[in-house]
Amino acid sequence: MSVWLPTSPCTPEACAGHEGATASVARAVLRLAAAVALILLGILGAPPVRLLPAGPRHTVVRVWSAALVRAFGIRVTVHGSPGPGGGRLLVANHISWLDIPLVAAALPCRMLAKSDIRAWPVLGRLAGQAGTLFIERDRIRALPVTVGTITGALLAGDRVTVFPEGSTWCGRAQGTFRRAAFQAALDARVPVQPLRLTYLRCDGSPAGAPAFVGDDPLTASLWRIARARGVRAEVRLLPRIPPGRYAHRRDLAAAAQRAVAGIPAAAPTALPGIPAQRATPSATDRDSANRPAASVHHWVSSSPAAASSARTPS
């Protein structure tokens with residue numbers, strides 16, 4: 001792995017355990033079978049669905065995505081209004097591969113994902129048919145091309161979802177938002193829509209089962225989620241950041257990160273001719289600030305999780 005890639009301290013052993021009720025093996029197998037059936041249906045149905053007008057197409061995508069998450073026994077709740085259409089950069093915290101259908105269940109969009117996903121059995125083909133934008137994570141020189149591709153999609157009126165942490169976190173802490181994708185929003189002059197994703201147990205505490213972190217194999221993650229009971233997922237559509245409010249991608253990324261983390265905005269500073277806010281000095285300026293204090297994971301383990309994960313690009 002390249003040293004410049006973002007990492008998180010989360011590991012399956014420390015973060016991805018499920019302490020609640022579990023489903024029987026038979027029920028878990030039925031859940032996986034239902035999910036596979038929906039994925040195959042999605043692959044077969046993608047070509048004709050792409051021919052539909054935008055409104056009906058988005059409805060089909062929302063229903064299918066919500067059904068896929070529900071097939072794993074996870075209830076979905078969406079808070080907030082999608083707002084008007086048009087090009088928009090969606091940015092969210094990243095916990096699991098489930099984040100992709102979860103976001104689509106709220107706002108159908110194009111995803112930015114690492115190129116490795118194209119090689120995943122079945123899911124890779126589905127991602128390609130859904131218009132996913134792929135990035136070569138290990139090639140930093142390809143980043144300007146990726147930003148240009150995102151800008152083009154935004155100018156064409158597409159909604160593009162990015163997970164700016166560049167890596168999956170367990171949901172009990174978050175990583176620093178990388179700035180690159182925010183340049184596309186500035187270049188295209190489109191709003192940025194922050195989203196907050198959470199997976200919760202019945203008592204409202206964070207659910208560990210959906211976390212897809214560290215070197216967790218996909219098969220193990222699938223089985224763990226299928227066996228978990230009482231997990232619910234929430235998507236919060238937070239207020240959009242209008243174009244022109246921030247002049248620099250650093251400040252725009254910091255503002256989006258504060259919104260997703262639920263931190264109050266910094267005091268506004270006027271820019272010539274437009275209302276604006278300047279972010280307070282943030283961790284986005286220092287790659288070394290990519291890791292939280294080890295104590296954020298002590299609820300599971302008395303020793304900090306030290307291994308890194310690098311799931312999705314920024």
Using atom types as modelled and distance alone, determine if a side-chain donor or acceptor of [X] lies under 3.5 Å from a backbone N or O of [Y].
X	Y	value
D251	H248	no
E165	G175	yes
W64	L38	yes
S221	P217	no
T11	A14	yes
D187	T151	no
T22	A228	no
R196	A259	yes
R258	I263	no

Within-4.5 Å side-chain heavy-atom neighbours: [X] and [Y]:
X	Y	value
E234	L200	yes
R159	M111	no
L107	H58	no
L237	V235	yes
W97	L218	yes
R110	D158	yes
F72	L32	yes
C10	T168	no

Rounded to the nearest 0.5 Å, how far does [atom2] of [Y] lie from [atom1] of [X]?
X	Y	atom1	atom2	result
I95	Q174	CD1	CD	7.5 Å
S24	R229	OG	CZ	8.5 Å
T149	L112	OG1	CG	9.0 Å
R227	L222	CZ	CG	14.0 Å
C109	L89	SG	CG	10.0 Å
F177	F182	CZ	CZ	6.0 Å

Exercise. Does the side chain of R240 pick up a donor-acceptor pair with the side chain of Q193 at under 3.5 Å?
Worked result: no

Exercise. Between I100, V91, V103, which is the residue that forms a side chain to side chain contact (heavy atoms under 4.5 Å, CB included) with T161?
Worked result: V103

Tell me whether [Y] is reachable from [X] by hopping between hydrophobic residues (I, L, V, M, F, W, Y) whose side-chain heavy atoms are closer than 4.5 Å.
X	Y	value
L102	V78	yes
V29	V231	yes
V162	V145	no

Exercise. Is there a side chain to side chain contact (heavy atoms under 4.5 Å, CB included) between R232 and T77 once you walk through the steps?
Worked result: CA-CA 8 Å; R232 56 190 175 91; T77 304; 5.7 Å; no

Exercise. Does CZ belonging to R75 count more than 12 external heavy atoms closer than 6.0 Å?
Worked result: no

Problem set entry | side chain to side chain contact (heavy atoms under 4.5 Å, CB included) assessment of C15 paired with R172 | CA-CA 9 Å; C15 307; R172 300 171 188 88; 4.0 Å; yes

For this session: Would you sort out whether S65 and L68 count as a side chain to side chain contact (heavy atoms under 4.5 Å, CB included), showing the intermediate values?
Result: CA-CA 5 Å; S65 300; L68 180 59; 5.7 Å; no

[X] versus [Y], closest heavy-atom pair with distance:
X	Y	result
V60	L52	CG2-CD1, 4.2 Å
L98	P210	CD1-CB, 4.4 Å
A92	P164	O-CD, 3.4 Å
V192	A185	CG2-CB, 3.7 Å
R31	I225	NH1-O, 4.2 Å
V61	P108	CG1-CB, 3.8 Å

Exercise. Got a salt bridge between D216 and R224, using NZ or NE/NH1/NH2 to carboxylate O under 4.0 Å?
Worked result: yes

For this session: Begin from the C-alpha positions of N93 and W169 and carry the test side chain to side chain contact (heavy atoms under 4.5 Å, CB included) through to its verdict.
Result: CA-CA 8 Å; N93 57 306; W169 290 63; over 6 Å; no

